[in-house]
Amino acid sequence: MRALRLLIHTGRHPSAILLLVQLLGMLLYPFIEREPAGHTAFNVFGVVVLALTIRMVRRTPGETRISVALAVPIVILLALQTVYDLRSTLLPWSSALEALFYFYAAGSLIAYMMGDRKATTDELFAAGATFTLLAWGFTHLYLMVQELHPGTFAAAVNASAPRTWSELNYLSFALLSSTGIGDVIPLTVHARALCSVEMLVGVMYLAAVVARLIGFTTQGGIYRRHPDAAREPWEGD
């Protein structure tokens, strides 16, 4: 019954579903990314995440058509990589577009959370989903840089081998949360510049967005408004 109630509850909150799916992907990717069919499964799961993200953007001030316009070429590039084995040629392009897609979705969620002066249940889920979207966006940027400049990142194990998505995602989460850098190290100036930007984005997100939601939660409790309900205007509008 608890699982059923949780499913019903998250069904009303697309941000919660997106967050759960992304966390599930992070746990499953290490098991499939080195398998023969792992790249295909990885791309299929990526399309699922794209669809859920577009569904979530519809509930925010963001433009759904912009998300769709970014998602369509991503799906085409992923399909070409899978069918014609063009990963090395098309991966930089698909990674760049995926990064842009996730950053736009994260920006839409931030606008949604900053749209009023109450902390709703869905906005608390959105805070977690936005963090993962930002981390995934930078992960794809790191993949793009690695494909364009091999040897960009090193690690304690197989230092000269290209880093996997899971390894770069781990680096992204470590930098975005300002908890360290782990054993994956950027070697080039371009990679270090991106890492520095991610650290700044992480600090600003926690300070400006998450701290604001926490303040509203502790001061007035959680406002349980359905995410489809009309938002209240800012004071002074």
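Quick caveat: nothing in here was measured; it's all calculated off a predicted structure.
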For A135 and N169, the nearest pair of non-hydrogen atoms, with its separation, is O-ND2, 4.2 Å
List in chain and number order the residues that pass ring pair (Phe, Tyr, Trp, His ring centres under 6.0 Å) with Y104, two or more places apart in sequence or in another chain; answer none if no residue qualifies.
-> none
Can you name the nearest heavy-atom pair linking W165 to L143, along with the distance?
-> CD1-CD1, 3.3 Å
Between M56 and A105, what is the shortest heavy-atom contact and its length?
-> CE-CB, 4.2 Å
What is the distance from atom CZ of R59 to atom CG of L109, rounded to the nearest 0.5 Å?
-> 12.0 Å
Determine whether V203 and L194 fall in the same hydrophobic cluster, where Ile, Leu, Val, Met, Phe, Trp and Tyr are linked whenever their side-chain heavy atoms lie under 4.5 Å apart.
-> no
Show me, pair by pair, the donor-acceptor contacts under 3.5 angstrom made by side chains of residues 185-192, not counting sequence neighbours?
residue : atom : partner : partner atom : Å
T188    : OG1  : A191    : N            : 3.3
R192    : NE   : P186    : O            : 3.1

With sequence neighbours left out, what residues match S108 under side-chain hydrogen bond (donor to acceptor under 3.5 Å, both in side chains)?
-> none
Separation between CG of L19 and CG of L133, rounded to the nearest 0.5 Å = 9.0 Å
Could I get the full list of side-chain hydrogen bond (donor to acceptor under 3.5 Å, both in side chains) partners for S178, not counting sequence neighbours?
-> none
Which atoms form the tightest heavy-atom contact between A127 and L213, and what is the distance?
-> CB-CD1, 3.9 Å
In the hydrophobic clustering that connects Ile, Leu, Val, Met, Phe, Trp and Tyr at side-chain heavy-atom distances below 4.5 Å, which members other than L28 occupy its cluster, ordered by chain and number?
-> L24
By ring pair (Phe, Tyr, Trp, His ring centres under 6.0 Å), Y102 pairs with (sequence neighbours left out) W136, H140
Shortest non-hydrogen pair, A207 vs A211, comes out as O-CB, 3.2 Å
With sequence neighbours left out, the residues meeting side-chain contact (heavy atoms from CB on, under 4.5 Å) with V48 are L52
Is there a side-chain contact between Y170 and D183 (heavy atoms, below 4.5 Å)?
-> yes
What distance separates S172 OG from L134 CG, expressed to the nearest 0.5 Å?
-> 8.5 Å
Keeping to residues at least two apart or across chains, list the salt bridge (Lys or Arg N to Asp or Glu O under 4.0 Å) pairs with something in residues 139-163.
-> R163-E167
Indicate whether the side chain of T164 and that of S166 have a donor and an acceptor atom separated by less than 3.5 Å.
-> no
Kindly compute the distance separating OG1 (T132) from CG (L23), expressed to the nearest 0.5 Å.
-> 6.5 Å
Straight-line distance of L78 CG to S94 OG, nearest 0.5 Å | 5.5 Å
Any L77 side-chain heavy atom under 4.5 Å of L97 side chain | yes
What distance separates E123 CD from M114 CE, expressed to the nearest 0.5 Å?
-> 10.5 Å
Heavy atoms only: give me the nearest V75-L50 pair and the separation to one decimal.
-> CG2-CD1, 4.1 Å
Does Y142 have any side-chain hydrogen bond (donor to acceptor under 3.5 Å, both in side chains) partners at least two apart in sequence or in another chain, and if so, which?
-> E198
For F131, the ring pair (Phe, Tyr, Trp, His ring centres under 6.0 Å) test, sequence neighbours excluded, returns F173
Taking side chain as C-beta onward, heavy atoms only, is F138 less than 4.5 Å from V201?
-> yes
So F42 and Y29, would you call those rings parallel, tilted or perpendicular, with 30° and 60° as cut-offs?
-> tilted
Residue pairs involving residues 93-102 (criterion salt bridge (Lys or Arg N to Asp or Glu O under 4.0 Å); sequence neighbours excluded) = none
With sequence neighbours left out, which residue pairs that include part of residues 68-84 fulfil the salt bridge (Lys or Arg N to Asp or Glu O under 4.0 Å) condition?
-> none
